[in-house]
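For reference, positions follow the sequence shown, starting with 1.
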Amino acid sequence: MKIFNKYLVKRSFLISIFIFIIFAILDTAFNFISELENLSIDYTFFYALKHAFISMPHRSIEFLEGACLLGFMVALGISHQEGNLNVLRSNGLSPIKIILISSLGSMIVVLSILAMDEIAFREMHIKSKVEKDSLLGQATQEQSKFQWIKQNDYLLGYTNVIGNLILNPRLIKVDSDIEKVNYFKSAKSAKIIENGITFDQGLLVEGNPSSNEIANYEIFSFPLVATIPFSDIDSLSLDRIASYRSLMIESSLDEDVLFKAHLDKSFYKKIFYPFSVLAIMIFFGSFIFGSLRDSSPGSRIVFAVFGGFLYRIFQDLSISISISYSLPILIGVIAPASILLILSIYSYKRI
């Protein structure tokens, strides 16, 4: 029996990782083709190819759930056709135990990829994106709209913020008493540090600053919300999301409340991602049991993949409803998986 169990785990692991790699390669190919539109004198074919490959591990997280569900269902379908599942059931293993054993292989893939993304993949993607934007240089600056922040007598403009790096910063120091611009600082990039920003070595200064104002460092408390566009929240690490949530928890401003809701959404989705994947596998795994004369394993696999797609839509809808009606985001995240588990109880009782 242990041999059969190890075989189920190994098969689901190998098929899941194989499908995941195939999905990642296909996505990289399409991403590389889209990057060719950005080629310039500095951003060459080689750099576009490099960016596509370095970004591949982090971007492929989008396909992790689907790849592992498909690998899990394919492994079960093959085992069912070979009669292995019937052998396990005849030796006293219940369908739910068989599903849980087989899901171990796919869940190892899920947990491993998520852990590596938190440790390395996300950072690799960010660094590659910074290098890309730096190489695109003036072309990126002309295509991007400047965003401006006012703080006391300072105006800070920039095109984008990636991590703690400000791209194309423009700092204007105004003397409010006489309504006159004191000086103007610009550079290709600047780093956000505690209570200030530090411009890179390409700093240009215009106007009439004093000698101590020509330095690369400038006192400027960069707003937290400005560092994280809504579109970039899902790209943050769990550690950074947790720190941002703790900083904004006391704010009652409508903008901050909405922003925190999206932080909660990303946080809980990442935390309960493995739970969601396992719930999908348990529910759709029940469909693999039954007579092969009723329907082929292939049709059941297609049904499961389509069901996984609907699950993702339902979860997004559930979270959106929670945000719209100021309900706990946690409920919106775990409600779809909880419903699947309840339905799974009914499904396994019928087997």
Side-chain angles (χ1 to χ4, degrees), residues 8-9 11-28 30-31 55-77 99-119 121-122 125 233-238 241 262 264-288 300-320 322 329-330 332-344 347:
L8 285 176
V9 174
R11 173 174 278 175
S12 63
F13 173 82
L14 292 177
I15 296 178
S16 295
I17 196 69
F18 174 76
I19 294 175
F20 176 72
I21 292 173
I22 294 297
F23 283 0
I25 292 175
L26 290 175
D27 176 68
T28 302
F30 287 115
N31 184 35
S55 300
M56 177 179 68
H58 176 67
R59 286 174 54 89
S60 61
I61 297 296
E62 289 293 323
F63 312 103
L64 182 59
E65 179 182 286
C68 289
L69 174 61
L70 181 57
F72 167 75
M73 292 300 296
V74 170
L76 277 181
I99 293 300
L100 291 175
I101 292 171
S102 185
S103 67
L104 286 176
S106 298
M107 290 305 299
I108 290 173
V109 177
V110 171
L111 295 174
S112 299
I113 298 298
L114 290 178
M116 287 189 287
D117 185 59
E118 288 293 320
I119 295 171
F121 293 165
R122 180 180 286 103
H125 172 72
I233 290 178
D234 290 335
S235 298
L236 296 174
S237 65
L238 277 172
I241 293 176
H262 283 274
D264 290 342
K265 167 189 171 182
S266 181
F267 181 76
Y268 289 124
K269 282 185 71 175
K270 290 177 185 294
I271 290 293
F272 290 98
Y273 188 90
F275 173 71
S276 296
V277 176
L278 182 60
I280 296 173
M281 290 181 183
I282 291 175
F283 177 74
F284 289 105
S286 64
F287 290 88
I288 210 69
R300 299 172 189 177
I301 293 170
V302 172
F303 175 75
V305 173
F306 180 70
F309 173 73
L310 292 180
Y311 172 85
R312 176 64 68 88
I313 295 176
F314 181 59
Q315 186 184 52
D316 290 339
L317 177 62
S318 174
I319 295 173
S320 298
S322 298
I329 307 299
L330 178 60
V333 172
I334 67 174
S338 301
I339 293 173
L340 277 190
L341 291 178
I342 294 173
L343 294 176
S344 298
S347 298

Hey, could you give me each pair passing side-chain hydrogen bond (donor to acceptor under 3.5 Å, both in side chains) that has a residue in residues 100-114? Not counting sequence neighbours.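 Qualifying pairs, neighbours excluded: S16-S106.
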Just grab all the salt bridge (charged side-chain N to carboxylate O under 4.0 Å, His left out) pairs involving residues 60-70, residues at least two apart or on different chains.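 Non-adjacent pairs meeting salt bridge (charged side-chain N to carboxylate O under 4.0 Å, His left out): E65-R312.
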Taking salt bridge (charged side-chain N to carboxylate O under 4.0 Å, His left out) as the cut-off, I'd like each qualifying pair that reaches into residues 265-285, sequence neighbours left out, listed once.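 Qualifying pairs: K269-D316.
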If every non-hydrogen atom of [X] is compared with every non-hydrogen atom of [Y], which pair is closest and at what distance?
{"X": "Q315", "Y": "V333", "answer": "NE2-O, 3.3 Å"}
{"X": "P274", "Y": "L114", "answer": "CG-CD1, 3.9 Å"}
{"X": "P336", "Y": "Y311", "answer": "CB-CE1, 3.5 Å"}

Using atom types as modelled, flag every donor-acceptor pair under 3.5 Å from a side chain in residues 68-75 to any protein atom, sequence neighbours excluded.
none

Who pairs with Y273 by side chain to side chain donor-acceptor pair (under 3.5 Å), at least two apart in sequence or on another chain?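 Partners of Y273 under the side chain to side chain donor-acceptor pair (under 3.5 Å) test: none.
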Look at the aromatic rings of F272 and F275 and report parallel, tilted or perpendicular, splitting at 30° and 60°.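 Rings of F272 and F275: perpendicular, as their planes differ by over 60°.
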Can you name the side-chain contact (heavy atoms from CB on, under 4.5 Å) partners of [X], sequence neighbours left out?
{"X": "A335", "value": "S318"}
{"X": "I342", "value": "none"}
{"X": "F306", "value": "L310"}
{"X": "H58", "value": "D117, F121, R122, H125, S235"}

Do I319 and Y268 make a side-chain contact, defined as non-hydrogen atoms from C-beta onward lying under 4.5 Å apart?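 The answer is no, as the side chains (C-beta and beyond) never meet within the 4.5 Å cut-off.
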[atom2] on [Y] to [atom1] on [X], rounded to 0.5 Å:
{"X": "L238", "Y": "I271", "atom1": "CG", "atom2": "CD1", "value": "5.0 Å"}
{"X": "L64", "Y": "L111", "atom1": "CG", "atom2": "CG", "value": "9.0 Å"}
{"X": "S322", "Y": "D264", "atom1": "OG", "atom2": "CG", "value": "11.0 Å"}
{"X": "L8", "Y": "L100", "atom1": "CG", "atom2": "CG", "value": "12.0 Å"}
{"X": "F13", "Y": "I108", "atom1": "CZ", "atom2": "CD1", "value": "6.5 Å"}
{"X": "S276", "Y": "L340", "atom1": "OG", "atom2": "CG", "value": "9.0 Å"}

Could you list the donor-acceptor pairs under 3.5 angstrom formed between side-chain atoms of residues 18-27 and any protein atom two or more places apart in sequence or on another chain?
| residue | atom | partner | partner atom | Å |
| --- | --- | --- | --- | --- |
| D27 | OD1 | R59 | NH2 | 3.1 |
| D27 | OD2 | R59 | NE | 3.1 |
| D27 | OD2 | R59 | NH2 | 3.4 |

